[in-house]
S.K.: 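Have a look at the structure that comes next, please.
All heavy atoms count here, side chains included; hydrogens, waters and symmetry mates do not. Chain identifiers are assigned alphabetically (A, B, ...) following the order of the sequence lines, protein sequences preceding nucleic acid strands; residue numbering begins at 1 within each chain.
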Amino acid sequence: MTYFMFLLLMALVVGLVAVASNPTPYFAALGLVVAAGVGCGVLVGHGGSFLSLVLFLIYLGGMLVVFAYAALAAEPFPEAWGSRSVLGYVLVYLLGVGLVAGIFWGGWYEGSWVVVDGLKEFSVLRGDISGVAVMYSSGGGMLVICAWVLLLTLLVVLELTRGLSRGALRAV
Amino acid sequence: MNPYRRATLLCSVGLGTTLTFASSHWLLAWMGLEINTLAITPLMAQHHHPRAVEATTKYFLTQATAAAMILFASTTNAWMTGEWSINDLSNPIASTMFMAALALKIGLAPMHFWMPEVLQGLDLLTGLILSTWQKLAPLALIIQTAQTIDPLLLTLLGISSTLVGGWGGLNQTQLRKILAYSSIAHMGWMIIVIQYAPQLTLIALGTYIIMTSAAFLTLKMSLTTKISTLATTWSKSPILTSTTALVLLSLGGLPPLTGFMPKWLILQELTKQDLPIIATAMALTALISLYFYLRLLYAMTLTISPNMINSTTPWRTQTTQTSLPLALFTTAALGLLPMAPAILMLTT
């Protein structure tokens with residue numbers, strides 16, 4: 001189990017490197033899918049199975065799919081992770097990850113490369129499920145504000161892209 | 001912009017700041033900051049020209065980075081100590097990251113580089129909102145967490161901000177960039193004293209908001225954005241020219257105007273805390289800022305620049321802009337110094 005969590009966390013960092021290295025949006029979306037997927041795996045490993053399921057369904061299955069369709073804008077020269085400009089970024093980020101790991105863990109021989117096991121309990125009301133329930137009851141005000149923020153984001157995006165080719169954000 | 005959309009966005013900006021003010025949980029405070037950033041983005045890009053869109057993009061990227069850092073720091077703090085509340089930051093890594101993120105949000109040096117470029121790309125009213133209202137929420141968080149942050153970091157941020165604010169503004173001819181550097185310098189004054197007397201930070205913030213609003217509204221009234229156009233405002237509105245001269249001196253911190261109050265009280269507090277060298281450094285850097293305020297004053301009031309006067313002086317008709325806010329802020333920017341004891345009592 002420990003090694004499985006280690007694998008998932010490593011895959012998370014590699015997925016983030018894949019997104020941050022500026023490939024074409026096709027491949028960046030793939031990197032996001034991988035990162036979010038293994039992130040869900042990490043969540044399950046820590047006991048939040050309901051949250052992980054919700055994340056998979058709504059984020060990956062809803063948001064990311066819509067984003068992938070929208071981001072499949074016509075890209076005449078798609079650049080994957082092998083092309084020169086992107087590969088440079090990939091190598092630099094991986095080097096950075098190794099460097100930071102070296103600084104914080106004191107080299108490859110100190111510090112644990114694998115996660116520390118937490119408490120394992122089995123109950124009907126897990127933390128994540130009751131968390132959702134609390135969000136709807138005591139956290140009602142915050143829920144309303146979150147809903148307003150989501151609506152606001154929609155309004156902001158619509159306002160910024162208003163006007164098609166005459167608007168603020170346009171394909172130049 | 002459609003008035004409904006503008007009203008919705010302005011109300012959301014207000015909601016964001018209010019949420020941050022009212023929260024004791026880091027997640028809610030972060031939400032308020034993000035609402036602020038989101039809602040002001042279309043307001044900044046409303047004039048759809050490339051310069052405004054570039055400024056919007058830069059602002060959004062820096063503020064989003066700062067908000068992500070705040071989220072990271074709060075989750076680190078929660079992981080290490082289990083505390084989500086704003087007042088209980090016991091982890092030094094988390095508190096330092098918070099300070100860096102909040103410094104990026106308000107434009108303290110050395111995280112100030114976005115400020116002049118962003119302000120330059122905006123129209124004057126949006127620039128005013130950016131310089132005044134958007135500083136309130138992060139400063140509220142800084143005031144609440146200042147006791148747990150490394151004192152050296154706060155002092156370094158303060159002194160480097162006043163230095164950068166002074167030196168950076170010296171070579172500028174565009175008024176919005178000058179006001180951006182002036183904002184950086186004033187933020188430096190606010191941060192330096194926050195660990196000793198937070199009420200002085202509040203006074204400095206209040207007087208800064210009043211003086212900057214007066215400055216921005218004056219520029220909006222006379223529609224000037226450069227020193228060269230500022231030099232011809234004497235013929236359009238002589239009264240505005242004379243009051244602006246005094247507002248500029250108030251920004252520079254000269255007695256007997258309002259701007260002297262925060263500087264005086266802060267220098268007094270620093271000397272009381274046995275930090276004479278820091279106090280001297282702050283006073284000297286304020287001199288540098290004073291130089292470019294004086295340059296603006298000189299160009300506007302003390303000389304008449306060589307101008308081809310092809311016509312008679314323009315008709316001075318009644319302005320169509322609302323002048324009440326300008327009148328209020330100018331009066332406050334010039335006359336509040338005698339009320340210093342009352343203001344101190346209000347903020348303690």
S.K.: Would L9(B) and L152(A) count as a side chain to side chain contact (heavy atoms under 4.5 Å, CB included) here? Give the steps.
M.R.: CA-CA 8 Å; L9(B) 292 168; L152(A) 178 71; 4.1 Å; yes

S.K.: Side chain from CB out, backbone as N, CA, C, O: work out which of these in L43(B) comes under 4.5 Å of a heavy atom of chain A, or both, or neither.
M.R.: neither

S.K.: Kindly compute the distance separating CG (L38(B)) from CG (L154(A)), expressed to the nearest 0.5 Å.
M.R.: 11.5 Å

S.K.: Under 4.5 Å heavy-atom distance to chain A, tell me which part of L28(B) shows up: side chain, backbone, both or neither.
M.R.: side chain

S.K.: Within the supplied structure, the quantity of interest is the number of heavy atoms (other residues, nucleotides, ligands) at a distance under 6.0 Å from F27(A) CZ; does it exceed 12?
M.R.: yes

S.K.: Rounded to the nearest 0.5 Å, how far does OG1 of T8(B) lie from CH2 of W148(A)?
M.R.: 5.5 Å

S.K.: If you count heavy-atom pairs under 4.5 Å between each of V156(A), T153(A), V149(A) and chain B, which one has the most?
M.R.: V156(A)

S.K.: Step through the shown structure and confirm whether more than 12 heavy atoms of other residues, nucleotides or ligands are within 6.0 Å of CZ on F21(B).
M.R.: yes

S.K.: How long is the gap from CD1 on I145(A) to CE on M31(B), to the nearest 0.5 Å?
M.R.: 5.5 Å

S.K.: Does any backbone or side-chain atom of L27(B) lie under 4.5 Å from a heavy atom of chain A? Answer side chain, backbone, both or neither.
M.R.: neither

S.K.: Check P42(B) against L160(A) and note the closest heavy-atom contact, atom names and distance.
M.R.: CA-CD2, 4.1 Å

S.K.: So E159(A) and M1(B), do their side chains get closer than 4.5 Å, heavy atoms only?
M.R.: yes

